[in-house]
Amino acid sequence: MSTKTDAPRAQGRERREHFETSSGIRLPNDFNPSNTDPLEYDRDLGDPGDYPYTRGVRRSMYRGRLWTMRQYAGYATAEESNARYKFLLSQGTTGLSVAFDLPTQIGLDSDDPLAAGEVGKVGVAVDSLEDMERLFEGIPLGEVSTSMTINATAAVLLCLYVAVARKQGVAAERLQGTIQNDILKEYIARGTYIYPPAPSLRLVTDTFAFCAAEVPNWNTISISGYHIREAGSTAAQEVAFTLADAIAYVEAAVAAGLEVDDFAPRLSFFFNAHNNLLEEVAKFRAARRLWARLMRERFHARDPRSQMLRFHTQTAGSTLTAQQPEVNVVRTTIQALAAVLGGTQSLHTNSMDEALSLPTESSARLALRTQQVVAYESGVADTVDPLAGSYAVEQLTGEVERLALDYIQKIDAMGGMLHAIEAGYVQREIQEAAYRYQRAVETDEAVVVGVNRFRSEAEAPVPTLRIDPAVERAQIERLRALRQRRDAERTEVALTLLEDAARGTDNLLPRILSCVESLATVGEISHRLRRVWGEYREALTV
């Protein structure tokens, strides 16, 4: 096979004249206390497990317990996804992470005309309680931690999960896991919203209250910087906009009458891990320190758990290349290492073929093995915060925190995150950062191996996973059969009571749970809420 490469220039050793991170932090030739205020290196370093948690949320970190190893998975039917989950569990995954298809994410049933061509494509299709039962068949929900990447319909999917647990005989208080439930970042970066922001926030805070009473070990939200970074933000913007979203959620919950220490311990976060190892480690440390201060000083949280920023990390999908996809294994390894050195509580490693398709079974196994090698062979998990005191890491931590705080203060001056989103400020900042990076790639200022440097003309084909179009037809037939055999009167009563509750102020989660147990579908529940709240239409921000 031919492996012709670019001209010799691509193999050269020339370097850039100026060195700076994605956040615009200029890197000196040598980090040294003599070059800066030495107090910067000692500021709030403290001990692991102590406020402000710069060095981690637990005193022993991975010496006591490794991070939860998740592999984000879900495709086609509930049965096929169930088989993938069982395979991953057999290979050493310690937590499940569910990917839902686009119709499920935006509250459409599989037979909705708008769902055509998307059923089971980017995740598993879940229309009803019966689908959810098939998804977790043979998996004891009282023994496994499950993360669900779902936002606009998060309350519905959580209720489906609780209903499946009930049918398994598992009490809700035994359930452990996370729903993403971060609707604000959908308006900023991802787009799978349904309702306007105000009623969407109500669903979020209703979930906080419901879980505090009924599902106490569940993480009620995973406030996500991941998709903000995937949309093109810098590392500092990822921290700033994620924490600004978190501030909005805390303010909304307090305004709804909740005490901060009643719900804040179950808040969790979701960050991206990119290629710049030191900046990414610093980013995680800066986020922990800044959140601890915000919770103590701004919201007067007294429970230490309310001040701890606990987070899941996923390696960066946007860095994966279709060219020379095997090189993505190297990128993912660096990113996983950054997450672990940064103190993550949970980690998903992307598969090398994800720029081409959904992961194959073999590539998903290799991605999991990457985590296991980092955990068991690299030695980085044997020492708590092994980079602490590094001149470079400590200065970068301070710089990322400073830049993020500047953004938060600007957003506060605009009246908060909702106003900043409505004005298009956050979206424009991300768009401009994404444009700067793309220009850097196009001008070769930023090197992407295999894309703008070190290219190969001929590459061996990579096996990819394809979804059979018959999956959509079978899912639609199953859904229609469900509607024919269910107790239609019981379903209609439950949906009507939900619609009435949406016009009032009662917590909606008990009503949604009644709907799913009466075999109402995700689309039907979402449609009733649309009747009351309407749909959100994005404002032009360019």
[Y] side chain reached by [X] side chain, heavy atoms, under 4.5 Å:
X: Val260; Y: His300; answer: no
X: Leu141; Y: Leu175; answer: yes
X: Val441; Y: Val448; answer: yes
X: Thr220; Y: Ile179; answer: no
X: Ile183; Y: Tyr193; answer: yes
X: Val516; Y: Val162; answer: no
X: Leu160; Y: Val164; answer: no

Evaluate the criterion side chain to side chain donor-acceptor pair (under 3.5 Å) for residue pair Gln438 and Glu442; output intermediate values, then yes/no. CA-CA 6 Å; Gln438 185 58 36; Glu442 291 173 358; 3.3 Å; yes
Using the test side chain to side chain contact (heavy atoms under 4.5 Å, CB included), find all partners of [X] that sit at least two apart in sequence or belong to another chain.
X: Arg298; result: Ile247, Glu251, Leu294, Ile408, Asp412
X: Tyr62; result: Leu66, Trp67, Val340, Thr344, Ala381
X: Leu358; result: Tyr75, Leu465, Ile467
X: Asn507; result: Asp206, Ala209, Phe210, Leu509, Pro510

Going by the rule salt bridge (charged side-chain N to carboxylate O under 4.0 Å, His left out), which residues pair with Arg288 if we only count those two or more places apart in sequence or in a different chain?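 Expected list: none.
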Are [X] and [Y] close enough that a side-chain donor and a side-chain acceptor fall under 3.5 Å?
X: Ser268; Y: Asn219; result: no
X: Gln71; Y: Thr349; result: yes
X: Glu230; Y: Asn272; result: yes
X: Gln371; Y: Arg70; result: no
X: Ser224; Y: Asp182; result: no
X: Glu524; Y: Thr521; result: yes
X: Thr242; Y: Asp245; result: no

Working to the nearest 0.5 angstrom, can you tell me the gap between [X] [atom1] and [Y] [atom2]?
X: Tyr72; Y: Gln314; atom1: OH; atom2: CD; result: 7.5 Å
X: Ser306; Y: Leu267; atom1: OG; atom2: CG; result: 7.5 Å
X: Gln307; Y: Arg296; atom1: CD; atom2: CZ; result: 5.0 Å
X: Leu497; Y: Arg528; atom1: CG; atom2: CZ; result: 10.0 Å
X: Leu396; Y: Leu27; atom1: CG; atom2: CG; result: 6.0 Å
X: Leu158; Y: Asn181; atom1: CG; atom2: CG; result: 8.0 Å

Option from Asn328, Thr319, Leu320 for which side-chain contact (heavy atoms from CB on, under 4.5 Å) with Asn350 holds: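 That would be Leu320; it is the only one of Asn328, Thr319, Leu320 passing the side-chain contact (heavy atoms from CB on, under 4.5 Å) with Asn350.
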Charged N-O contact under 4.0 Å between Asp406 and Arg402: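 Counted as a salt bridge, because a side-chain N and a carboxylate O are separated by less than 4.0 Å.
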State plainly whether the residues Glu394 and Arg285 are in salt-bridge range, i.e. N to O under 4.0 Å.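 Salt bridge between Glu394 and Arg285, a charged N being under 4.0 Å from a carboxylate O: yes.
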For residues 152-165, which residue pairs qualify under side chain to side chain donor-acceptor pair (under 3.5 Å), counting only residues two or more places apart or in two chains?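 Non-adjacent pairs meeting side chain to side chain donor-acceptor pair (under 3.5 Å): Thr146-Tyr161.
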Around Arg439, counting heavy atoms of other residues, nucleotides and ligands shown, do more than 12 lie under 6.0 Å from its CZ?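 No, because the 6.0 Å sphere around CZ of Arg439 holds 12 heavy atoms or fewer from other groups.
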Less than 6.0 angstrom separating the ring centers of [X] and [Y], yes or no?
X: Tyr407; Y: Phe241; value: yes
X: Phe263; Y: Phe208; value: yes
X: Tyr53; Y: Trp291; value: no

Residues which pass side chain to side chain donor-acceptor pair (under 3.5 Å) with [X], listed by chain and number, not counting sequence neighbours:
X: Glu432; result: none
X: Asn151; result: Gln180, Lys185, Glu186
X: Ser233; result: none
X: Arg202; result: none

Side chain Asp112, main chain Leu108, donor-acceptor under 3.5 Å: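 No; judged by distance alone, with no hydrogens or angles, the pair does not exist.
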Under the ring-ring contact (aromatic ring centres under 6.0 Å, His included) criterion, do Tyr536 and Tyr187 qualify, and how do the steps go? CA-CA 9 Å; Tyr536 179 74; Tyr187 304 114; 4.7 Å; yes
Contacts under 3.5 angstrom, residues 119-126 side chains, donor-acceptor by atom type, not counting sequence neighbours:
from   : atom 1 : to     : atom 2 : distance (Å)
Lys121 : NZ     : Gly117 : O      : 3.0

Would you call the rings of Phe270 and His312 parallel, tilted or perpendicular if under 30° counts as parallel and over 60° as perpendicular?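 Ring orientation of Phe270 relative to His312: tilted.
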Which residue pairs pass the salt bridge (Lys or Arg N to Asp or Glu O under 4.0 Å) test with at least one member in residues 257-283, sequence neighbours excluded?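 Residue pairs passing salt bridge (Lys or Arg N to Asp or Glu O under 4.0 Å), neighbours aside: Arg229-Glu280, Glu238-Lys283, Glu280-Lys283.
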